[in-house]
Asker: 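A single structure is presented below for examination.
To find a chain, count down the sequence lines: A is the first, B the second, and so on, and within it residues start at 1. Fair warning: this is a prediction, and the values are worked out from it, not measured in the lab.
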2 protein chains.
Amino acid sequence: MTTLSEENYLKAIYHIGKQGNIAVSTNSIAEKMRTKASSATDMIKKLAEKKLVDYKRYQGVTLTEKGRLIAAIVVRKHRLWEVFLVEKLNFSWDEVHDVAEQLEHIKSEKLTNELDALLGFPTEDPHGDPIPDKEGYIKETEKILLSQINIGEQCICVGVKDSSTEYLKYLDKNKVALGTSLAVISKEPFDNSMRIAIESEQLVISNVVANNLFVKRD
Amino acid sequence: MTTLSEENYLKAIYHIGKQGNIAVSTNSIAEKMRTKASSATDMIKKLAEKKLVDYKRYQGVTLTEKGRLIAAIVVRKHRLWEVFLVEKLNFSWDEVHDVAEQLEHIKSEKLTNELDALLGFPTEDPHGDPIPDKEGYIKETEKILLSQINIGEQCICVGVKDSSTEYLKYLDKNKVALGTSLAVISKEPFDNSMRIAIESEQLVISNVVANNLFVKRD
DNA sequence: TATTATTTTTAGATTAGTCTAAATTTTATT
DNA sequence: AATAAAATTTAGACTAATCTAAAAATAATA
């Protein structure tokens with residue numbers, strides 16, 4: 001059995017290492033977990049002991065298959081709960097994260113699978129992030145950043161890179177949601193800001209905004 | 001903020017002391033929590049420090065208003081989640097307890113209240129136990145044990161006193177659920193077993209069974 | 001009421017997870 | 001390659017929650 005803390009570390013490693021394939025440094029784990037490197041080292045040793053990560057001193061860690069699966073299932077639960085909160089309990093996409101952080105640790109396979117069924121087996125969460133299946137596998141949909149779209153091209157919003165409350169509220173305010181059609185009207189070479197069309201409105205957005213919105217060409 | 005452990009102790013005190021009115025002994029708390037009396041004493045001191053219980057050495061504890069409310073809200077969440085699991089996720093009444101024990105600690109007022117609304121503001125959980133309202137108040141419905149029903153009388157099943165998996169499975173097997181109509185046909189003075197009619201079937205039940213089923217006269 | 005039994009508390013130890021500060025290893029730079 | 005900088009680990013300490021064993025208080029009984 002994994003503790004809450006172990007699950008959170010595994011999840012951090014999973015996210016930093018792109019689903020757990022890449023070696024991850026102690027410092028990056030500590031940073032993501034908002035703890036000290038020494039705490040991260042302690043936990044890494046514990047996870048290595050349990051064969052959930054591969055670890056050689058000073059060389060960082062990678063998830064084992066066992067560790068990857070645990071992390072992926074936590075992510076699966078997190079994203080399913082997010083869908084539940086939005087679809088069934090009237091949460092907005094900027095309100096779901098903190099609650100899902102708690103719900104993702106509930107241990108019950110039946111609960112997870114029934115929830116999945118209740119929601120109609122969704123493949124993405126309210127931010128456009130993919131939901132791992134029961135075996136912890138993800139079907140990655142190709143998506144690019146809005147900043148990569150050329151002048152004159154059409155695209156559809158399919159996800160966010162930054163899912164902070166502030167950013168999501170900004171998008172809400174400007175009527176950008178998953179599925180919204182966008183078109184790039186012009187770009188400003190000086191600061192890489194761009195003028196875009198949202199449905200029939202026009203809006204000038206900074207490069208920071210354009211760099212955090214995933215779209216697909218239409 | 002209360003920790004998971006604090007919440008569980010408060011809930012234990014709440015349940016032992018009938019919604020927290022009655023003074024509760026250290027040993028009874030330890031027993032319910034499946035820990036040692038010394039551990040219970042330690043936690044009692046912590047709860048007293050936080051003004052969640054009134055405590056005088058060797059005299060047991062009672063919940064303060066603050067403590068009572070926290071405990072009642074945990075119970076409210078537990079029972080709402082039980083309804084959710086049964087109504088929305090196809091759990092049976094003997095499967096819900098362990099998962100609800102986890103879900104009851106999720107902290108989000110919005111979650112609790114939206115869940116309440118999704119379920120249509122239920123007043124009882126799947127075992128017939130009352131669900132406290134937002135202020136932690138319960139409307140107690142009068143209910144008596146099946147063993148108190150006289151020969152020839154009709155009644156309706158409104159709850160269980162023992163909600164163990166074994167007992168609930170026994171009831172399922174014998175087609176007894178909340179709302180089921182029962183009639184007492186005869187009683188055996190020797191062992192207090194009784195013959196009852198369930199819908200059109202007949203069944204002999206032991207005194208143990210009759211002492212754990214809540215009914216109301218019909 | 002004196003003595004015994006029971007309940008409760010205290011003292012001291014243990015584990016998980018965290019921290020600071022110092023030591024060590026790796027990486028970068030002269 | 002030698003040295004400086006950065007990253008990582010170790011050592012030792014702290015807190016929350018638990019435990020065992022012993023001491024103290026209360027309750028029960030002779």
Side-chain angles (χ1 to χ4, degrees), chain A residues 1-17 22-63 66-67 70-71 74 101-102 104-107, chain B residues 1-17 22-63 66-67 70-71 74 101-102 104-107:
Chain A
M1 269 300 250
T2 48
T3 67
L4 189 141
S5 202
E6 287 166 4
E7 288 189 353
N8 281 331
Y9 272 95
L10 290 173
K11 188 177 53 149
I13 297 165
Y14 177 90
H15 280 133
I16 298 166
I22 301 167
V24 165
S25 75
T26 301
N27 261 2
S28 65
I29 296 170
E31 186 185 21
K32 178 143 272 200
M33 292 297 297
R34 301 158 160 283
T35 57
K36 298 297 147 111
S38 54
S39 306
T41 301
D42 287 344
M43 181 56 85
I44 288 166
K45 284 179 183 169
K46 194 180 167 200
L47 296 174
E49 192 71 33
K50 288 190 165 194
K51 309 250 187 254
L52 300 176
V53 298
D54 289 318
Y55 172 56
K56 277 205 283 295
R57 281 157 79 252
Y58 295 101
Q59 306 305 153
V61 295
T62 49
L63 293 175
K66 215 171 139 195
I70 293 171
V74 171
E101 285 286 296
Q102 299 177 63
E104 72 188 4
H105 300 291
I106 303 293
K107 287 175 168 54
Chain B
M1 270 300 249
T2 49
T3 67
L4 189 140
S5 202
E6 286 166 3
E7 288 189 351
N8 282 330
Y9 273 93
L10 290 173
K11 187 177 53 147
I13 297 166
Y14 177 92
H15 279 134
I16 298 167
I22 301 168
V24 166
S25 74
T26 301
N27 261 3
S28 65
I29 297 170
E31 187 185 21
K32 178 143 271 195
M33 293 297 298
R34 300 157 160 285
T35 57
K36 298 297 148 109
S38 55
S39 306
T41 300
D42 287 344
M43 181 55 85
I44 288 167
K45 285 179 183 169
K46 194 180 168 200
L47 296 174
E49 193 72 32
K50 288 190 165 192
K51 310 252 187 250
L52 300 176
V53 298
D54 290 318
Y55 171 57
K56 277 206 282 296
R57 279 157 80 252
Y58 294 101
Q59 306 305 152
V61 295
T62 49
L63 293 174
K66 215 171 137 194
I70 293 171
V74 172
E101 284 287 293
Q102 300 177 63
E104 71 188 7
H105 300 291
I106 303 294
K107 287 174 168 54

Asker: What is the distance from OH of Tyr55(B) to C1' of dT8(C), rounded to the nearest Å?
Answerer: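 Going from OH in Tyr55(B) over to C1' in dT8(C) covers 7 Å.
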Asker: Once side chain to side chain contact (heavy atoms under 4.5 Å, CB included) is applied, do any residues pair with Glu6(A), and if so which ones, sequence neighbours excluded?
Answerer: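 Glu6(A): side chain to side chain contact (heavy atoms under 4.5 Å, CB included) contacts with Thr2(A), Thr3(A), Met43(A), Lys46(A), Leu47(A), Lys50(A).
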Asker: Grab the CG-C1' distance between Asn27(A) and dT26(C) for me, whole Å please.
Answerer: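 It works out to 13 Å between those atoms.
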Asker: Is Glu7(A) salt-bridged to Lys107(A), cutoff N-O under 4.0 Å?
Answerer: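 A salt bridge links Glu7(A) with Lys107(A).
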Asker: Using side-chain heavy atoms (C-beta onward) and a distance below 4.5 Å, is Lys11(B) in contact with Glu104(B)?
Answerer: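 Side-chain contact under 4.5 Å: yes.
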Asker: Compare every heavy atom of Asn8(B) with every heavy atom of Met33(B), then report the nearest pair and how far apart it is.
Answerer: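 The answer is SD-O, 3.6 Å.
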Asker: Where does DNA chain D pair, written as one dot-bracket string 5' to 3', with Watson-Crick or G-U pairs under 3.5 Å, ( ) inside the strand, [ ] for crossing pairs and | for another strand?
Answerer: ||||||||||||||||||||||||||||||
Asker: Using a strict cut-off of less than 4.0 Å between a Lys/Arg side-chain nitrogen and an Asp/Glu carboxylate oxygen, indicate whether Lys36(B) and Glu31(B) qualify as a salt bridge.
Answerer: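 Not counted as a salt bridge, because no side-chain N and carboxylate O are separated by less than 4.0 Å.
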Asker: Going by heavy atoms closer than 4.0 Å, what residues in residues 3-12 of chain B are next to DNA chain D?
Answerer: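 Thr3(B), Ser5(B), Tyr9(B) - these, ordered by number, are the residues of the stretch whose heavy atoms sit under 4.0 Å from the strand.
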Asker: Measure the distance from CD1 on Ile44(B) to P on dT18(D) and round it to the nearest whole Å.
Answerer: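 So the CD1-P distance, Ile44(B) to dT18(D), works out to 12 Å.
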Asker: Of the nucleotides dC19(C), dC19(D), dT10(D), which one has an atom closest to the side chain of Asp42(B)?
Answerer: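 The closest nucleotide is dC19(D).
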Asker: Whole-Å distance between dT7(C) C1' and Ile29(B) CD1?
Answerer: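 Nearest whole value for this atom pair: 13 Å.
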Asker: By side chain to side chain contact (heavy atoms under 4.5 Å, CB included), which residues pair with Ala23(B), not counting sequence neighbours?
Answerer: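 With neighbours one apart ignored, the set is Thr62(B).
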Asker: With sequence neighbours left out, write down each residue that passes side chain to side chain contact (heavy atoms under 4.5 Å, CB included) with Thr41(B), or none if nothing qualifies.
Answerer: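 In terms of side chain to side chain contact (heavy atoms under 4.5 Å, CB included), with neighbours along the sequence ignored, Thr41(B) is linked to Thr26(B), Lys45(B), Tyr55(B).
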Asker: Report each atom pair, protein N/O against N/O of nucleotides 21-27 of chain D, whose distance is under 3.5 angstrom.
Answerer:
{"from": "dA25(D)", "atom 1": "O4'", "to": "Tyr58(B)", "atom 2": "OH", "distance (Å)": "3.3"}

Asker: Any base atoms under 4.0 Å from Thr41(B), or only sugar-phosphate, or nothing? Heavy atoms, all strands.
Answerer: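 It contacts base atoms.
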Asker: Once you round it to whole Å, what is the distance between C1' of dT25(C) and NZ of Lys56(A)?
Answerer: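 Going from Lys56(A) (NZ) to dT25(C) (C1'), I get 15 Å.
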Asker: Nearest 0.5 Å, please: how far is CD in Gln59(B) from OG in Ser25(B)?
Answerer: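 Here the rounded value is 11.5 Å.
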Asker: If you round to the nearest 0.5 Å, how far is CD1 of Ile29(B) from OG of Ser39(B)?
Answerer: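 It comes to 12.0 Å.
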Asker: Can a side chain N or O of Ser39(B) be found less than 4.0 Å away from OP1 or OP2 on dC19(D)?
Answerer: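 True: Ser39(B) side-chain N/O within range (under 4.0 Å) of dC19(D) OP1/OP2.
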Asker: Roughly how many Å is it from CE in Met43(A) to P in dT10(D), rounded to a whole number?
Answerer: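 Interatomic distance, CE of Met43(A) to P of dT10(D): 16 Å.
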Asker: Roughly how many Å is it from NZ in Lys36(A) to C1' in dT8(D), rounded to a whole number?
Answerer: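 Rounded to the whole Å, the gap is 15 Å.
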Asker: Can you measure from CD1 (Ile44(B)) to CD1 (Ile13(B)) and round to the nearest 0.5 angstrom?
Answerer: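 CD1 of Ile13(B) is found 6.0 Å from CD1 of Ile44(B).
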Asker: Counting C-beta onward and ignoring hydrogens, is there a side-chain heavy-atom pair between Leu52(A) and Leu63(A) closer than 4.5 Å?
Answerer: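 In short, these two side chains do not touch, never coming nearer than 4.5 Å.
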Asker: Given atom CE of Met33(B) and atom P of dA16(D), what is their separation to the nearest angstrom?
Answerer: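 It works out to 17 Å between those atoms.
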